[in-house]
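Have a look at the structure below, then the notes.
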Amino acid sequence: MIADRLLIDCRVATMAETGVPYGAIEDGAILVRDGRIAWMGHAGDLPEGFEAAQIDRLGGRWITPGLIDCHTHLVFGGDRSGEFEQRLSGVSYEDIARAGGGIVASVSATREASEDELYNLAVKRLAGLKETGVTTVEIKSGYGLDRDSELKMLRVARRIGRNAGVRVSTSYLGLHALPPEHRDARAAYVDKAVDDILPAAHAEGLVDAVDAYCEPIAFTTEEVARLFDKAEALGLPVRLHADQLSDSGGAALAARYRALSADHIEYTSEAGVAAMAEAGVVAVLLPGAFLMLRETRMPPVALLRGRGVAMAVATDCNPGTSPMLSMTAALNLACVQFRLTPEEALTGATRHAARALGMEHEVGTLETGKAADIAVWDISRPAELAYWLGAPLLHRRYLGGEIA
């Protein structure tokens, strides 16, 4: 076998379902060819007569799949630190939103910024994710809320995927908030988001999936269903911000459309969890927003476990409710706040996160044929990735078999 690179002298947490914790292989080795894993297993079982142009000896370090942040709002203008101060003084997120703050405040700053400005700001934020092992990131629109600005955000996301050392999956989030100019013309904005902006973005090849925010302060299940019907007609998968602040039927709606994921889900009912399980919808847990909003209603983790619903973990990086730039911090918070085990949390940032993006055949586990997206860690056991809070644990990232 001829390979471009051999990774050896390493312990491999494949995160595949092998019946072994973390899918671990002690004394592992990986052969990479053309950006993909050509062979992997125990070093003693390397194919006879193999050749590798580059040999990387990793000093016994642990390697995992590159981490996947499957829910972010990475592209935006400005910040909302003032609202952070307001919330600390007791003002609720809903009150801030109804007073013209919240998402709408980010809309103005995003509309005013150029594509270059948005790109440069997002790449600075992305650095924190990459330093914590991320090789794939989902990026949503939703801070433009008009045709030109939504397309601008999605173009920036695509540019990040081309130039910034990560894989990017994009989500059109036109139904995120009602823009100020449509405050008295709600139906007209829904028409525009569904029938104008989404088709335009799709025609430019800017959309991998369609998302929406389903809450009383945002959009109703009927409005979201209109958007999802359009997505289906265009052949696009959907995902949903569901049941974050109330049990508004979001999880059941996501299940009805066989969404890739239902995200937040703090208020999802037992019936909603059952519907997600039946439809194969991934639950994306977002502990950063839970922390920043000082929520007390936890996602129904025990019900999700009991029903066998896959649980992903993400940062929800955004300017208002989760200004988090560390994937390992998200793992820690998922364990501390939601009582996930370290293995569940890491699975949530690898195998299950890949499912939440519809990318499970490409990334998320270290298996023959998949992309050689790999994180190398200075740790003695995989649980440390969820144990340390803020420690610099990453030794190296590979993206498509190349050092990133």
Side-chain angles (χ1 to χ4, degrees), residues 66-84 102-103 105-145 149-150 152-173 176-177 206 208 211 241 263 284 286-293 312-334 349 353 356-357 373 375 389-394 397 399 404:
L67 302 190
I68 300 168
D69 195 350
C70 65
H71 182 129
T72 86
H73 305 255
L74 194 68
V75 174
F76 58 85
D79 71 70
R80 280 152 53 193
S81 56
E83 293 179 13
F84 174 60
I103 294 165
S106 292
V107 170
S108 177
T110 302
R111 287 177 175 180
E112 291 173 3
S114 69
E115 285 192 23
D116 284 345
E117 289 169 335
L118 290 175
Y119 176 81
N120 290 332
L121 288 168
V123 167
K124 287 181 181 178
R125 299 178 193 119
L126 180 64
L129 299 180
K130 292 197 294 186
E131 288 166 4
T132 52
V134 170
T135 54
T136 297
V137 61
E138 183 261 8
I139 301 177
K140 305 179 191 295
S141 68
Y143 290 128
L145 305 185
S149 301
E150 287 289 294
K152 175 175 66 175
M153 291 184 70
L154 291 167
R155 289 189 196 107
V156 169
R158 283 284 190 244
R159 183 176 166 190
I160 291 169
R162 290 192 302 269
N163 301 332
V166 290
R167 298 181 194 275
V168 168
S169 177
T170 60
S171 296
Y172 167 68
L173 182 58
H176 194 197
L206 298 175
D208 295 319
D211 199 347
H241 289 62
D263 303 27
V284 178
L286 302 171
F290 185 90
L291 174 73
M292 293 295 291
L293 292 174
V313 176
T315 66
D316 191 17
C317 172
N318 75 73
T321 61
S322 188
M324 178 186 288
L325 301 175
S326 167
M327 197 63 214
T328 51
L331 299 184
N332 175 278
L333 292 176
L357 297 181
D373 292 0
L389 187 57
L393 304 176
L394 186 71
R397 290 187 318 134
L399 185 69

Within a strict 4.5 Å, meaning less than it, do heavy atoms of the [X] and [Y] side chains meet?
X: Ile160; Y: Val75; value: yes
X: Val137; Y: Arg167; value: no
X: Lys140; Y: Met153; value: no
X: Pro319; Y: Tyr143; value: yes
X: Asp373; Y: Leu399; value: yes

Can you list the steps and then say if Arg80 with Ser106 is a side chain to side chain donor-acceptor pair (under 3.5 Å)? CA-CA 8 Å; Arg80 280 152 53 193; Ser106 292; 3.0 Å; yes
For the side chain of [X] and the backbone of [Y], is there at least one donor-acceptor N/O pair under 3.5 Å apart?
X: Thr170; Y: Ile139; answer: no
X: Thr315; Y: Cys317; answer: yes
X: Glu138; Y: Ser169; answer: no

Hey, could you give me the [atom1]/[atom2] distance between [X] and [Y], rounded to the nearest 0.5 Å?
X: Thr72; Y: Leu286; atom1: OG1; atom2: CG; result: 10.5 Å
X: Lys152; Y: Ser141; atom1: NZ; atom2: OG; result: 12.0 Å
X: Lys124; Y: Leu74; atom1: NZ; atom2: CG; result: 13.0 Å
X: His241; Y: Asp263; atom1: NE2; atom2: CG; result: 6.5 Å
X: Arg111; Y: Leu145; atom1: CZ; atom2: CG; result: 6.0 Å

Quick one: do Arg158 and Asp208 make a salt bridge, cutoff under 4.0 Å? yes
Asp116/Arg159 ion pair, N-O < 4.0 Å: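 Between Arg159 and Asp116 there is a salt bridge, with a charged N closer than 4.0 Å to a carboxylate O.
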How are the rings of His176 and His73 set relative to one another: parallel (under 30°), tilted (30 to 60°) or perpendicular (over 60°)?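 Geometry flag for His73 against His176: parallel rings.
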